[in-house]
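Worksheet: the structure to be examined is printed underneath.
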Protein chains: 2
Amino acid sequence: MIARQTTVQTDGSAQCGMHAGERCALCKVRPVSICAALDSKELCALDALAQQSVFEPKSTLFIQDEPASTVFNITEGVVRLYKLLPDGRRQIVGFALPGDFLGLAMADRYGCSADAIETVRVCRFSRIAFGAFLDEKPHLLRRLHEFATHELSLAQDQMVVLGRRSAEEKVASFLVGLQNRLARIGAVSATVPLAMSRQDIADFLGLTIETVSRTLSRMAREKMLVIVPGGVRLLDPKRVEALAAR
Amino acid sequence: MIARQTTVQTDGSAQCGMHAGERCALCKVRPVSICAALDSKELCALDALAQQSVFEPKSTLFIQDEPASTVFNITEGVVRLYKLLPDGRRQIVGFALPGDFLGLAMADRYGCSADAIETVRVCRFSRIAFGAFLDEKPHLLRRLHEFATHELSLAQDQMVVLGRRSAEEKVASFLVGLQNRLARIGAVSATVPLAMSRQDIADFLGLTIETVSRTLSRMAREKMLVIVPGGVRLLDPKRVEALAAR
DNA sequence: ATCCCACATTGATCCTGGTCAATTCGGGGT
DNA sequence: ACCCCGAATTGACCAGGATCAATGTGGGAT
């Protein structure tokens, strides 16, 4: 049940003149979406708080209801966030991609469990230290609040998907949503890479693995997409988007 | 499509020596759950920004995707928050009770539509003015951020309900969840008052009105509850909670 | 009181997606 | 090459909840 976690050498020399909005392979801290709120001095201060680590596939980052000690920023790989019911049913509440924060709630305990689907690289912050840093930078807190409300908006969209859409619409909106998120972090492609298993997709969409499989097959048969190893290529994006339309 | 909104006389004389955490019938501002973060001087400053209004049953507070001009704090009544699909299907993403904030996302546009189920009293703040006030009070922003993440947590719990629970479990968790929220704002009772229609409950739980009705009838037949005018009385709270168990 | 109308309940039937079961596929190890 | 094992696909059947339709109920207007 304990995260099998490998802390990478801290590489304390990784100083860099990173500009706001720019990515930098040397910096430990690469929170793509908040750096706009920080100047380079602040980024370096944040960098000093960061620890890099790597999580192997299937290893656990944190577990629901356990004390929240750490804030994570993903630099590489995909993480699934989920809740379990007592009888073992699982609902995946989201997939976290590079650039995303985990544990931002700054609550005492984690609200859900998280584990690595692929090999995942993160930088970690002590929740206490991160909170203190935040107290010094109200504009950063503001930015983070915007993040949290964006997450809320995503969650509400997913409530619509879970409550009011057919299996085919669910799968279509999943594919389109994932493609859009990947595009926003720079991975543009007609082929949507699916790091997660069919079971993960099913548990995200409130379906069974068989229904996901059948639905993808049917969409392939109807020339909307082709199933390729490790993902799906959209042949008729228009038609898929129409199904996903909100 | 425009909110039929009646602005009540502003009652500018409503000054009071309200203490943190205390409720006050005279103050315009009674944001039950944030006042802990404000001293009485700050509360008076916030009070000066507030405008009271009343919304008639079925009137609209705001509409999804329209420019967000106003932040609301509910002082009385129940509001439904929902998203519509192009074909008219509706998903209610939450019910807002007295003490709750609406429009807190501080985003440019509202993420969902909101309308009054009963007669609703609110106090309104200009989003701009509220944002400026927030910039002066980082600790208040912090509090608000905690709120937003609590909302997120509620939304994720609801995702589990929508994706992984049977009709009976959905209805049970709705009743228990509502009862708990009412208890937290001081309305403790074995009878859960249901201000919302069966259609509203159905659209919240991802069911049809018929299934909600049948499920309540069955639970009544099995002596778990009695259906009373305007609500439901739990006869066997233990059994209902067991169905709702997370 | 009576009518009206929206809301709620109940019943009969249908259909989407779940369940159970049998293959098939694909990657890794020897 | 071969086997192995977990993941995915496909098929046959089932059931929970949706749909369609009829009936009941309660509050407001006249």
Side-chain angles (χ1 to χ4, degrees), chain A residues 56-58 78 80 85 87-92 117-119 161-175 192-222 225-232 243, chain B residues 56-58 80 85 87-92 115 117-119 161-175 192-222 225-232 243:
Chain A
E56 301 301 322
K58 304 192 180 177
V78 180
R80 66 176 160 239
L85 291 176
D87 62 4
R89 283 176 287 179
R90 183 179 69 159
Q91 177 68 44
I92 290 184
I117 287 175
E118 312 166 283
T119 296
V161 170
L162 287 168
R164 285 288 173 239
R165 312 204 72 140
S166 70
E168 189 170 46
E169 291 171 331
K170 284 178 176 182
V171 171
S173 74
F174 168 69
L175 293 174
V192 187
L194 299 177
M196 61 291 290
S197 68
R198 296 290 188 268
Q199 185 66 62
D200 289 334
I201 299 172
D203 285 348
F204 182 56
L205 297 176
L207 298 171
T208 59
I209 186 175
E210 293 94 332
T211 299
V212 171
S213 182
R214 265 188 265 270
T215 304
L216 283 171
S217 299
R218 176 154 25 86
M219 290 171 84
R221 212 177 311 127
E222 290 171 7
L225 50 80
V226 272
I227 298 165
V228 297
V232 144
L243 280 171
Chain B
E56 301 301 321
K58 303 193 181 178
R80 65 175 160 241
L85 291 176
D87 62 5
R89 283 175 287 180
R90 183 179 70 159
Q91 176 68 44
I92 291 185
D115 43 45
I117 287 175
E118 311 166 283
T119 297
V161 170
L162 287 169
R164 284 287 172 242
R165 312 204 75 141
S166 69
E168 188 170 47
E169 291 171 330
K170 284 178 176 181
V171 171
S173 74
F174 168 68
L175 293 175
V192 187
L194 300 176
M196 61 292 290
S197 69
R198 297 289 188 267
Q199 186 66 63
D200 290 334
I201 299 173
D203 285 348
F204 182 57
L205 297 176
L207 299 171
T208 59
I209 186 177
E210 294 93 334
T211 299
V212 171
S213 183
R214 266 188 263 270
T215 303
L216 283 172
S217 299
R218 177 153 24 86
M219 290 171 83
R221 211 177 311 127
E222 290 172 6
L225 50 80
V226 271
I227 298 166
V228 297
V232 143
L243 280 172

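Whole-Å rounding puts the B:Leu216 CG to C:dC7 C1' distance at 14 Å. For A:Lys170 and C:dG17, the NZ to C1' distance is 9 Å, given to the nearest whole Å. Rounded to a whole Å, the CD1 atom of A:Ile209 is 13 Å from the C1' atom of C:dC25. As rounded to whole Å, 16 Å separates atom C1' of D:dA8 from atom CE of A:Met196. Remark: P of D:dA18 and CG of B:Leu205 are 10 Å apart, rounded to the nearest angstrom. Between A:Arg218 atom CZ and C:dT16 atom C1' the separation is 10 Å, expressed in whole Å. What separates CD1 of B:Ile227 from C1' of C:dT10 is a distance of 12 Å, to the nearest Å. Atoms CD1 (B:Ile201) and C1' (C:dA8) sit 11 Å apart, rounded to a whole Å.
Residue A:Leu207 is in sugar-phosphate contact alone, with no base atom involved, counting any heavy-atom pair closer than 4.0 Å across all strands shown. Counting non-hydrogen atoms under 4.0 angstrom, B:Ser197 reaches the backbone sugars and phosphates but no base. Within 4.0 Å of B:Gly230, counting heavy atoms only, lies no atom of the nucleic acid at all.
Where A:Val212 and A:Arg164 meet DNA chain D, the nucleotide closest to each residue was compared, and A:Val212 sits on the side nearer the 5' end. Residue order along DNA chain C, read from the 5' end via each residue's closest nucleotide, puts A:Glu210 first among A:Pro229 and A:Glu210.
The B:Ala167 side chain lies nearest to D:dG17 when the options are D:dT19, D:dT10, D:dG17. Distances were taken from every side-chain heavy atom of A:Lys58 (C-beta onward) to each of D:dA7, C:dC20, D:dT19; the shortest belongs to D:dA7.
Between A:Ser217 and D:dT10 there is a side-chain N or O to OP1 or OP2 distance below 4.0 Å. Within the structure, every side-chain polar atom (N or O) of B:Arg214 is placed at least 4.0 Å from both OP1 and OP2 of C:dT9. Taking only side-chain nitrogens and oxygens, A:Thr211 comes nearer than 4.0 Å to OP1 or OP2 of C:dG18.
A salt bridge links B:Arg89 with A:Glu169: the distance from a Lys NZ or Arg NE/NH1/NH2 to an Asp or Glu carboxylate oxygen falls below 4.0 Å. Salt-bridge formation is detected for the pair B:Arg80/B:Asp115: a Lys NZ or Arg NE/NH1/NH2 atom is positioned less than 4.0 Å from an Asp or Glu carboxylate oxygen. Salt bridge annotation for B:Asp203-B:Arg198: absent, with no cationic side-chain nitrogen under 4.0 angstrom from a carboxylate oxygen.
Under a 3.5 Å cut-off, the side chain of A:Gln91 and the backbone N or O of A:Phe204 do form a donor-acceptor pair. A donor-acceptor pair is defined here as one N or O able to donate and one able to accept, closer than 3.5 Å; such a pair exists between the side chain of A:Arg164 and the backbone of B:Leu207.
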